[in-house]
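Below is one structure, written out as structure tokens; comments come after it.
First listed ligand is number 1; within each ligand, the first listed atom is number 1.
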Amino acid sequence: MKTMEAAMAKTPQAYFQEVARYKTEPLWMRLAEVLTNEPPVRALPCLWRYADIRPLLLRAGELLTAAEAERRVLMLMNPGLEGEVAATQTLYAGLQLILPSEIAPTHRHSPAAFRFIVEGEGAYTSVNGERLIMHPGDLILTPAWAWHDHGNETDAPTVWLDGLDVPLVKGLGAVFAQPYAAGTHPVARPDNASLGLYGAGGMLPLGAAHDGPHSPLPIYPWKQARTALEQAGAPTTPHDGVIFEYVNPLTGGPIFPTMSAYVQMLRPGEQTRRHRHMSSHVMHVVSGSGVSIIGDARLEWRAKDTFAQPGWMWHEHRNLSASELAFLFSFSDRPVLERCGLYREEDRGPQG
Ligand code: 1HN
């Protein structure tokens, strides 16, 4: 009997080979690999400069149309993740271009997405037939499985940062996608209609209810974000300067079950206290300039640059200007880690 042979294997190698025939392996050979003292961080801290990427994106605009590409995007690829479509282990980021009179066709998918507008005024993303009008610094959500397309009826190129939970959803084996059969989803509501309903600032329609775990507010205008930050004035945490989370107005929770988004302000010369946490973040510079020390890397950033801050890496941020405020947008996988009881945070202490 074969199992008898396995039990009788004479040498460790013979035993290993024997158990492998039954699609098993000894855990004791690999326990240290499975149970690391701390998470091995594969993603690298890295910076994508807008000055480098913008001309490449515009060249893509000469090579193919938005309709041909479906989405004309340069993906921000983390060099530590070996060709995976990922900016951090769980988050996707990319820069998308849409030229005047183009439409990127309607589709939907199970990964959740948002757009943070980098340049261009007046283009739109349509979500289930509601056009959300873009201005630089606006955050626009396209929740999981919502029909969406992008259009540009202005005369200037429009660029935004896409953030998606693709690596996470792919890891769960839960990616579904579908094109809209009839080309472009018809307009179903007045432009920005949901902003009036859910973005009134501390007020909601009486009895407001909403389907699904995502925020019912699909657009968070930059004007409101900037006002909130400037009115707060003093740092809200020593680790992040003045920081606000974009929340679901019905729950006060994150915008998506898988991703949260933030906007923060560093005053001239401000230096944050070093810390680390399980969540990974993609950071995007709205305006200003500064430096972030992440692990061993020193990333010097300016307006419209994007950088990856892997989970569980010590990091601190500094506004290098003596006169200008620095504004950073960011998104993370924190809601997943928190809900699974996996979120941890450590403070490096006053020495920072
Ligand atoms: C997607 O659907 C969009 O709708 C952008 O604009 C980026 C990256 C990966 C998968 C789907 C979009 C995407 C994406």
With a 4.0 Å cut-off on N to O distance, would you call E18 and K10 a salt bridge? no
Heavy-atom contacts with R115 under 4.0 Å: which atoms of ligand 1 show up? List them by number with element. 3 (C), 4 (O), 5 (C), 6 (O), 12 (C)
Atom 11 (C) of ligand 1 - nearest protein heavy atom and its distance: L164 CD2, 3.9 Å
Give me the one residue out of H315, R348, E346 that meets side-chain hydrogen bond (donor to acceptor under 3.5 Å, both in side chains) with H275. H315
Please tell me if the side chains of D149 and P105 come closer than 4.5 Å, counting only heavy atoms from C-beta onward. no
What class does the angle between the rings of F256 and F114 fall in, given that below 30° is parallel, 30 to 60° is tilted and above 60° is perpendicular? parallel
Going by the order shown, which atoms of ligand 1 are within less than 4.0 Å of some heavy atom of H148? 2 (O), 4 (O), 12 (C)
May I ask whether H107 places a heavy atom under 4.0 Å from ligand 1? yes
Atom 12 (C) of ligand 1: closest protein heavy atom, distance to 0.1 Å, is R71 NE, 2.8 Å
Would you say W160 has any N or O atom under 3.5 Å from an N or O of ligand 1, going by distance alone? no
Charged N to carboxylate O under 4.0 angstrom, E62 versus R59? no
Distance under 6.0 Å and angle within 45° of ring axis: R334 vs Y343: yes
Identify the protein heavy atom lying closest to atom 1 (C) of ligand 1, giving its residue, its atom name and the separation to 0.1 Å. H109 NE2, 3.6 Å
If the cut-off is 4.0 Å to any non-hydrogen atom of H150, which atoms of ligand 1 fall inside it? 4 (O), 6 (O), 12 (C)
